[in-house]
*Asks:* 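Handing you this structure, nothing more for now.
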Amino acid sequence: MRVRSDRKRLAVIAFGAILAIVLTTLMVSAGRAEPSGLPLEGLPQGTVGADALAGLDLRVRTEGHDPEDVRLTLDGSEVSGRVDGDAVVFHPEGLSDGPHTFAAEIPAGGPFGFLRTGPGASATFTVDTQAPALEVARPDTVASYRDPVTVRGTASGAERVSIGETSVTPGADGRFEITLPHAPVGGEVVALDAAGNRTSAPIGAEMDLTRMRAVHLTAYGWADDGLREAVLALAREGRIDTIQLDIKDEDGRIGYDSQVPLARESGAVASIYDAPAALKQLHDLHLRVVGRIVAFRDPTMASWAWHSGRTDWVIQTPSGQPYSSHYGPIAFTNFASADIRGYNIALATEAARLGFDGIMYDYVRRPDGSLSSMNFPGISDTPAATIGQFLHESRDPVHAAGAHLAAAVYGIAATRPDEIAQDIPLIARNVDVVAPMLYPSHWNAGEYGVSSPNSEPYDIIFRSLQDFRARTEGTGAQIFPWLQDFSLGVSYGDAQVKAQIDATYAAGMNGYFLWNAASVYHGGAMLPD
């Protein structure tokens, strides 16, 4: 019995040993086997930036297996996905910068749970959400929006730095330099790193017109040999450096052969002078040319629009009739009309592309008179705010066409903006030049403490300019006032005109425009270079 018992014990031991060997072999074999893979989709190439991370979905194809059986882990911790057809999708959130490992597997099956390894897949990716550090130096000021501009700065961590279609690779220290063929308008500098992280900064060149000593010349004045040559003589003598030449005048006539469709359809084109030829002649004399557009006093367009059924293009009375003023029965177009604003902007950009160095809007206001007697069809804000919006709409297109933007404003607007809807701080934020009309003959006795402004031209110019300087401070706009070179109530000659010029310089301004409707000027008031 003992022998049989020992044999039985040996048989059990032998069976156990054989079973252990078999199981060990199976386990080793299973550990070495290459599992069938689960296709993993959605991992981006390279480093994952902030934008890519926000839209990152890791998709595991189950290859015929039950999606509910798929086990997902991120950095060793189990995570949950959502079933989408034959796939499981995981959207990672709150990942820190650095490497992360994502894995998917179907747990092993078979006897004891270890006889085979289920299919799986894993991948490691790196997260980088730190955007480049961008610093942009203020570009040098320009005398024209047609001048080239160099933009410099540093973009630490950036792979590329761009302005529009122009891009460069920054140096090892992050420094970059981009030269543009002309001053940027409403643009931005963009720094981009390898992960697609983006940092941007607005960029725009500041206008510095140094000085402007200008005289006004009508379209007919330029076409008249005597008037034109008298003004050109002032330029040749070094007394002026700028000509203000009318584009659209107080009657709504356009002085040259404009191709703006609405100008031609309305009959506004008068073709009084050849604009390209005039600009070449003036530029050959190294003169700056500012084109004047009488914006909303426009009898030609107002009358045509009213009789063409476009009544909303015209300022009206509360009863729906054209607003009549001392300017004529149908004289003012409606600045609240997008079509009227677009018409003036089209003229401005056309002129800038022709080569006018600056565009000045005149009559960029409502008619003077009681506001309650006027109706502006379609207006959604105050008249002053709507005027400011028009200048804002004009600025970038005019700059992009190569010209600076100016606005002629009433002298009284500094203290009484509501009388004509000219908010000086608002206007100044949207133009390069504010040109207040400070004609001494137009001030009331006692304004700015001057008892008789017309007889004291120096005092009224000096004091009113101090007010305009305060109203425009911090806006970036320069002030070049309109001065009086005509007689109204008091006889004006060289002395009176020179007194205004002297006051302008004493007030800290660096130039002026002289107004005479007949385009005849007192050259003795302007000292030559």
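The figures that follow rest on heavy atoms only: side chains count, while hydrogens, waters and symmetry mates do not.
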*Asks:* Please report whether the ring centroid of Y327 lies less than 6.0 Å from that of F332.
*Replies:* yes

*Asks:* Is it true that atom CD of E473 has more than 12 heavy atoms of other residues, nucleotides or ligands lying nearer than 6.0 Å?
*Replies:* no

*Asks:* Work out which heavy atom in V314 is nearest to a heavy atom in A305; give both atom names and the distance.
*Replies:* CG2-CB, 4.4 Å

*Asks:* Between S258 and V260 (side chain of the first, backbone of the second, donor and acceptor by atom type, cut-off under 3.5 Å), is there such a pair?
*Replies:* yes

*Asks:* Measure from the side-chain N and O atoms of H392 to the backbone N and O of G388, and report whether any donor-acceptor pair falls under 3.5 Å.
*Replies:* no

*Asks:* Does the side chain of L180 reach to within under 4.5 Å of the side chain of I163, using non-hydrogen atoms?
*Replies:* yes

*Asks:* Less than 4.5 Å apart, any side-chain heavy atom of T169 and any of F176?
*Replies:* no

*Asks:* Under 4.0 Å between a side-chain nitrogen and a carboxylate oxygen: does that hold for R213 and E237?
*Replies:* no

*Asks:* Can you tell me if Y361 and S394 form a side-chain donor-acceptor pair at under 3.5 Å?
*Replies:* yes

*Asks:* Quick test of your reading of the model: are E177 and R152 salt-bridged, counting only N-O distances below 4.0 Å?
*Replies:* yes

*Asks:* To the nearest 0.5 Å, tell me how far L426 CG sits from Q389 CD.
*Replies:* 9.0 Å

*Asks:* Hey, is CZ on R264 packed in by over 12 heavy atoms from elsewhere, all under 6.0 Å?
*Replies:* yes

*Asks:* Using 0.5 Å steps for rounding, measure from the CZ atom of R471 to the CD1 atom of I479.
*Replies:* 11.0 Å

*Asks:* Taking only Lys NZ, Arg NE, NH1 and NH2, and the carboxylate oxygens of Asp or Glu, determine whether R228 and D224 approach each other closer than 4.0 Å.
*Replies:* no

*Asks:* Any side-chain heavy atom of E188 sitting closer than 4.5 Å to one from S200?
*Replies:* yes

*Asks:* Side chains of H283 and D357: donor-acceptor distance under 3.5 Å anywhere?
*Replies:* yes

*Asks:* Given L209 and M207, is the side chain to side chain contact (heavy atoms under 4.5 Å, CB included) satisfied, shown in steps?
*Replies:* CA-CA 6 Å; L209 295 169; M207 171 70 68; 3.4 Å; yes

*Asks:* Identify the heavy atoms of N334 and I340 that sit nearest to each other, and give their distance.
*Replies:* O-CB, 3.5 Å

*Asks:* State whether R353 and E350 are salt-bridged, where the test is any N-O pair (Lys NZ or Arg NE/NH1/NH2 against Asp/Glu carboxylate O) under 4.0 Å.
*Replies:* no

*Asks:* Whether the side chain of D193 engages the backbone of G196 through a donor-acceptor N/O pair (distance < 3.5 Å, no angle test) should be reported.
*Replies:* yes

*Asks:* For the atom pair OG1 (T242) and OH (Y512), what is the distance rounded to the nearest 0.5 Å?
*Replies:* 9.5 Å

*Asks:* With a 4.0 Å cut-off on N to O distance, would you call D339 and R310 a salt bridge?
*Replies:* no

*Asks:* Looking at CG of L217 and OH of Y521, how far apart are the two atoms once the value is rounded to the nearest 0.5 Å?
*Replies:* 7.0 Å

*Asks:* Before accepting this row, confirm whether a basic side-chain N of the pair E250/R292 lies closer than 4.0 Å to the acidic partner's carboxylate O.
*Replies:* yes

*Asks:* Just verifying a value: how many Å separate D362 CG and M437 CE, rounded to the nearest 0.5 Å?
*Replies:* 5.0 Å

*Asks:* Give me the ring orientation class for F513 and F480: parallel if the planes are under 30° apart, tilted from 30 to 60°, perpendicular past 60°.
*Replies:* perpendicular

*Asks:* Report the residues that fulfil ring pair (Phe, Tyr, Trp, His ring centres under 6.0 Å) with F296, sequence neighbours left out, ordered by chain and then residue number.
*Replies:* F335, F390

*Asks:* Would you find a donor on one side and an acceptor on the other, under 3.5 Å apart, between the side chain of D208 and the backbone of T210?
*Replies:* yes

*Asks:* Can you name the closest pair of heavy atoms from V149 and P139 and give their distance?
*Replies:* CG1-CB, 3.7 Å

*Asks:* Between Y256 and D274, is any pair of side-chain heavy atoms under 4.5 Å apart?
*Replies:* no

*Asks:* Sub-3.5 Å donor-acceptor pair from the side chain of S441 to the main-chain atoms of L488, do we have one?
*Replies:* no

*Asks:* Is it the case that the side chain of R395 and the backbone of R429 share a donor-acceptor pair, with hydrogens and angles ignored and the cut-off at 3.5 Å?
*Replies:* yes

*Asks:* Within the structure provided, determine whether N197 and L192 are in side-chain contact (heavy-atom separation under 4.5 Å).
*Replies:* no

*Asks:* With Q466, which residues qualify under side chain to side chain contact (heavy atoms under 4.5 Å, CB included), at least two apart?
*Replies:* F462, A507

*Asks:* Do NZ/NE/NH1/NH2 and the carboxylate oxygens of R416 and D467 come within less than 4.0 Å?
*Replies:* no

*Asks:* To check you understand the geometry: which heavy-atom pair defines the closest contact between G369 and Y323, and what is its length?
*Replies:* CA-OH, 4.3 Å

*Asks:* Could you check whether Y220 and D249, counting side-chain N and O atoms only, form a donor-acceptor pair closer than 3.5 Å?
*Replies:* no

*Asks:* Scan side-chain atoms only and decide if H216 and D485 contain a donor-acceptor pair under the 3.5 Å cut-off.
*Replies:* no

*Asks:* Under 3.5 Å, is there a donor on one side chain and an acceptor on the other for E456 and S451?
*Replies:* yes

*Asks:* Which heavy atom of V398 sits nearest to which heavy atom of A352, and what is that distance?
*Replies:* O-CB, 4.2 Å

*Asks:* Counting distance only, does the side-chain N/O of T300 pair as donor-acceptor with the main-chain N or O of D251 below 3.5 Å?
*Replies:* yes

*Asks:* Would you say that K248 contacts Y343 through its side chain, given a criterion of any heavy-atom pair below 4.5 Å between the two side chains?
*Replies:* yes

*Asks:* Measure the spacing between CD of Q500 and OH of Y505 and express it to the nearest 0.5 Å.
*Replies:* 13.0 Å

*Asks:* Ring centroids only, cut at 6.0 angstrom: are Y448 and W443 within range, meaning strictly under it?
*Replies:* yes

*Asks:* Among F486, Y492, W482, which residue meets the ring pair (Phe, Tyr, Trp, His ring centres under 6.0 Å) test with Y439?
*Replies:* F486

*Asks:* Quick one: which of Q281, H286, K280 gives a side-chain hydrogen bond (donor to acceptor under 3.5 Å, both in side chains) with D284?
*Replies:* K280

*Asks:* Please determine whether a side-chain nitrogen of the Lys or Arg among D51 and R198 lies less than 4.0 Å from a carboxylate oxygen of the Asp or Glu.
*Replies:* no

*Asks:* I need the minimum non-hydrogen distance between A407 and V364, along with the two atoms involved.
*Replies:* CB-CG1, 4.2 Å

*Asks:* Using salt bridge (charged side-chain N to carboxylate O under 4.0 Å, His left out), reason through R175 and E135 one step at a time and then give a plain yes or no.
*Replies:* CA-CA 9 Å; R175 294 181 182 275; E135 293 184 6; over 6 Å; no

